[in-house]
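See structure below.
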Protein chains: 2
Amino acid sequence: MTRVVGRGGSPSVPRSADVARLAGVSRKTVSRVLNNEPYVSADVRRRVIEAAEELGYRLNNAARALASGRTRSIGAVALGTAGYGTASLLVAIEKVVRGSGYALRVVNTLDGEPDDIAGAVDSLLEQGVDGIIVSEPIVEGEVSVRVDVPVLFLGAPPAFGGSRAVTAGVGADLLAGAATDHLLDLGHQTVHHLAGPLRWYAARDRVEGWRTALTARGRHQPPLLEGDWSAASGYLAGRELAADSEVTAVFVSGDDMAIGLIHALTEAGRRVPHDVSVIGFDGNPVFAYVTPPLTTVRQPFDAAAREGLKLLIHTIEEPGTEVPSASDLPVELVVRASTAPPRSSSAGQRTSPSRSHPSQRSQA
Amino acid sequence: MTRVVGRGGSPSVPRSADVARLAGVSRKTVSRVLNNEPYVSADVRRRVIEAAEELGYRLNNAARALASGRTRSIGAVALGTAGYGTASLLVAIEKVVRGSGYALRVVNTLDGEPDDIAGAVDSLLEQGVDGIIVSEPIVEGEVSVRVDVPVLFLGAPPAFGGSRAVTAGVGADLLAGAATDHLLDLGHQTVHHLAGPLRWYAARDRVEGWRTALTARGRHQPPLLEGDWSAASGYLAGRELAADSEVTAVFVSGDDMAIGLIHALTEAGRRVPHDVSVIGFDGNPVFAYVTPPLTTVRQPFDAAAREGLKLLIHTIEEPGTEVPSASDLPVELVVRASTAPPRSSSAGQRTSPSRSHPSQRSQA
DNA sequence: CTGAAAGCGCTAACAA
DNA sequence: TTGTTAGCGCTTTCAG
């Protein structure tokens, strides 16, 4: 079969040989230019680039991957839910991945079950990726997959992947501690906690931070409530809490749950923040406009993605060498109006935040 | 260079030849089985599958793509914002894409500018995709890229891509009409509209639906307000609207904006829904738990993704043949408590919805 | 129903 | 600084 290139017949897609011919160099040289390799004279480089442009040449990634053994893409296993947190994290990941010269492949899992994760990782591996990001997997069970690429666990200890696994997080424990401290600083005797599903590492880390903050001040540690991240589950928990007049402050492990919880409290006649203070977790900006505006703690998704990918890409590109050290993630408390000093107390170190609309931020 | 496979030395990754050897067949037969091609005896098929499993064989997608010219992956150009709508759509897309045997590649654009889109499409093409999904691009400008694969425009007329472009939407005009009708049915004389940025097709379609509904009943058409999807912009618009005592009903082009708008209204002493009714757009479930619970219209993301991908995949796999006809998308009105009959009217055809928490749904 | 040979378009190693 | 020679691992002809 003869293939007519460049004229007549079907206007077939140009390959590197066509570029080489037009630029008057070898295919290897074209390859060098396209990969930004050194040892190419400026003149040749320019000619190649011009030729490529003239032909509308686009590199064939499959061929490149096959020949080089590297796909230049990274796979992400994400939670298939459309929550603000999940979505923000994925957007942050995409930005950093693309900025690093990799392409992103995404696979969602229904709810992070080990089998799901294993399946997701497997499909990523089959598609061909140089590295994998697993974000926020759950605790239980064991993920059994044979991975031969580095894996980054975002917000969780390595669940599999042996030697080439790295970890990074959003600093959930610190954030949770800051939230709890905020309430304590306001003068509350103790702080209740509505956690996310405890099978999630994210939920556990926050519980941990809450416990630590309480313990550090020698406060009584109330029983834990567990929700499922949804506003509906927050509502249910709120009904329970409303019945207990001891409750004056609640740290909720997610903004949506906090909204549900506040709704139940209000419905039961417990006013927020007058009777009960509530602080959320995530930082969805829309909740600056509900009544009362929600005090919350913002998750540093961008910073976490940047940190994590630095590690992952290092592990991919320079295996064996020391991994770069992690920098500190920002802890950003967004104080709005759902938190205030307890009713019968004047202990608040700060003036009670009671403005009704925008948000004051403070670095903790 | 001799390569030791299967034992000794480095435990190299198995290839199809290893599977073939173990199963006692040719490589081509292995390929047949893996691709579910016909004309393979059940016995051989079983043997191949067993051999593959025993070896832990994983097909090399780069090689497959290079040889076959098909990558079996689809690229999505998404809006790089973490809003509920955007995120839901992407999750829906991922589900359908994966369910169809394709892998998903994602590229975000900052805000849908033509140049961004062109760049995103280009990078997708370079990575190798069999089809592209562009979701919710904006109106202005022209996208100039040479695409040689089918393109699906979700919620917008084809912006480029010539002959192999297909379109599908969420039925934004119908949804907007239903929202407007709901308010009219309640007895309001007319309905104001806070739109999204008019450079977005999504925003325009909703304006269109609102206009049509108003015109159909010969109602006066108030001036249009324009926001940017954010709650903050809704708040600003709400301040304006609060000053106008004629306003009794507002259809807002997004839930977040609706929340901001309600906040401004309430702040100005106009009660919702007592003085002003507000209906949102999207269907984020968390807003069932704010005060007042937000009436809204749910976008059929799953159905839209399913419809659109049916078209796209058809165009990829059976070019030339007739495209399957589109089925109707559901219009789902979620009536909660932010809408009610106007104060001085008893025209509401239905009992005024004033329950305070969950959501009643109705098919319109 | 199964197999043998010939590439897909690129990069790696080596040479010049 | 550049070119030559071999493949990467699979699918595609085309024969059996």
Side-chain angles (χ1 to χ4, degrees), chain A residues 1-3 5-6 10 12-48 51-52 55-73 125-128 130 148, chain B residues 1-3 5-6 10 12-48 51-52 55-73 125-128 130 148:
Chain A
M1 174 184 68
T2 320
R3 198 181 259 280
V5 177
S10 58
S12 68
V13 179
R15 338 159 178 222
S16 74
D18 299 320
V19 177
R21 200 171 307 129
L22 185 60
V25 298
S26 74
R27 269 160 66 219
K28 175 61 207 176
T29 298
V30 173
S31 167
R32 282 200 183 91
V33 172
L34 264 30
N35 289 301
N36 266 314
E37 279 171 33
Y39 303 120
V40 180
S41 73
D43 178 55
V44 169
R45 191 176 294 273
R46 191 184 40 69
R47 255 165 43 219
V48 169
L55 260 31
Y57 171 74
R58 215 138 36 192
L59 199 140
N60 180 325
N61 211 48
R64 192 229 277 265
L66 181 57
S68 69
R70 288 186 45 199
T71 65
R72 308 204 183 195
S73 66
L125 253 18
E126 186 154 304
Q127 290 158 38
D130 295 342
D148 28 20
Chain B
M1 175 183 68
T2 320
R3 197 181 261 279
V5 177
S10 58
S12 68
V13 179
R15 328 144 193 242
S16 75
D18 300 318
V19 177
R21 202 171 307 128
L22 185 60
V25 298
S26 74
R27 270 161 66 216
K28 173 61 207 175
T29 298
V30 172
S31 168
R32 284 202 182 90
V33 172
L34 266 29
N35 289 302
N36 268 313
E37 279 170 32
Y39 305 120
V40 181
S41 72
D43 179 55
V44 168
R45 191 177 292 271
R46 191 183 42 68
R47 255 164 46 219
V48 169
L55 259 31
Y57 171 74
R58 215 139 36 194
L59 198 140
N60 180 325
N61 210 48
R64 192 228 277 266
L66 181 56
S68 69
R70 289 187 43 201
T71 65
R72 308 204 183 197
S73 66
L125 252 19
E126 188 154 305
Q127 290 156 37
D130 295 342
D148 28 21

For [X] and [N], what is the distance between atoms [atom1] and [atom2] respectively, to the nearest whole Å?
| X | N | atom1 | atom2 | result |
| --- | --- | --- | --- | --- |
| A:R27 | C:dT11 | CZ | C1' | 9 Å |
| B:R64 | D:dG9 | CZ | C1' | 12 Å |
| A:L59 | C:dC8 | CG | C1' | 14 Å |
| B:E126 | C:dC10 | CD | P | 11 Å |
| B:L55 | D:dG9 | CG | P | 14 Å |
| B:D18 | D:dC8 | CG | C1' | 14 Å |
| B:K28 | D:dT11 | NZ | P | 7 Å |
| B:E37 | C:dG3 | CD | C1' | 14 Å |

Just verifying a value: how many Å separate [X] [atom1] and [Y] [atom2], rounded to the nearest 0.5 Å?
| X | Y | atom1 | atom2 | value |
| --- | --- | --- | --- | --- |
| B:L55 | B:R21 | CG | CZ | 9.5 Å |
| A:R15 | A:L59 | CZ | CG | 13.0 Å |
| A:N61 | B:E126 | CG | CD | 7.0 Å |

Considering only [options], which nucleotide approaches the side chain of [X] most closely?
| X | options | result |
| --- | --- | --- |
| B:L66 | D:dT12, D:dC10, C:dC8 | C:dC8 |
| A:A63 | C:dC10, C:dT11, C:dG3 | C:dC10 |
| A:V44 | D:dG9, D:dT2, D:dT11 | D:dT2 |
| B:S31 | D:dT11, D:dG9, D:dG3 | D:dT11 |

> If you look at every heavy atom in B:A62 and A:A65, which pair is closest and at what distance?
Replying inline: CB-CB, 3.7 Å
>> Between A:N35 (side chain only) and A:E37 (backbone N and O only), is there a donor and an acceptor less than 3.5 Å apart?
In response: no
Under 4.0 Å between a side-chain N or O of [X] and OP1 or OP2 of [N]?
| X | N | result |
| --- | --- | --- |
| B:N35 | D:dT11 | yes |
| B:Y39 | C:dG3 | no |
| A:R15 | C:dG9 | yes |
| B:S26 | C:dA4 | no |
| B:S16 | D:dC10 | yes |
| A:S41 | D:dT2 | yes |
| A:T29 | D:dG3 | yes |

> Which sits closer to the 5' end of DNA chain C, A:N60 or B:G24, going by the nucleotide each is nearest to?
Replying inline: B:G24
>> Nearest heavy atom decides the nucleotide; on that basis, is B:V25 or A:V30 closer to the 5' end of DNA chain C?
In response: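 On the 5' side of the pair lies B:V25.
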>> If you define the side chain from C-beta out and look only at heavy atoms, does anything of A:L125 sit under 4.5 Å from B:R58?
In response: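 In contact.
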>> Distance criterion of 3.5 Å, no angle test: do you see the side chain of A:R32 paired donor-to-acceptor with the base of D:dG3?
In response: yes
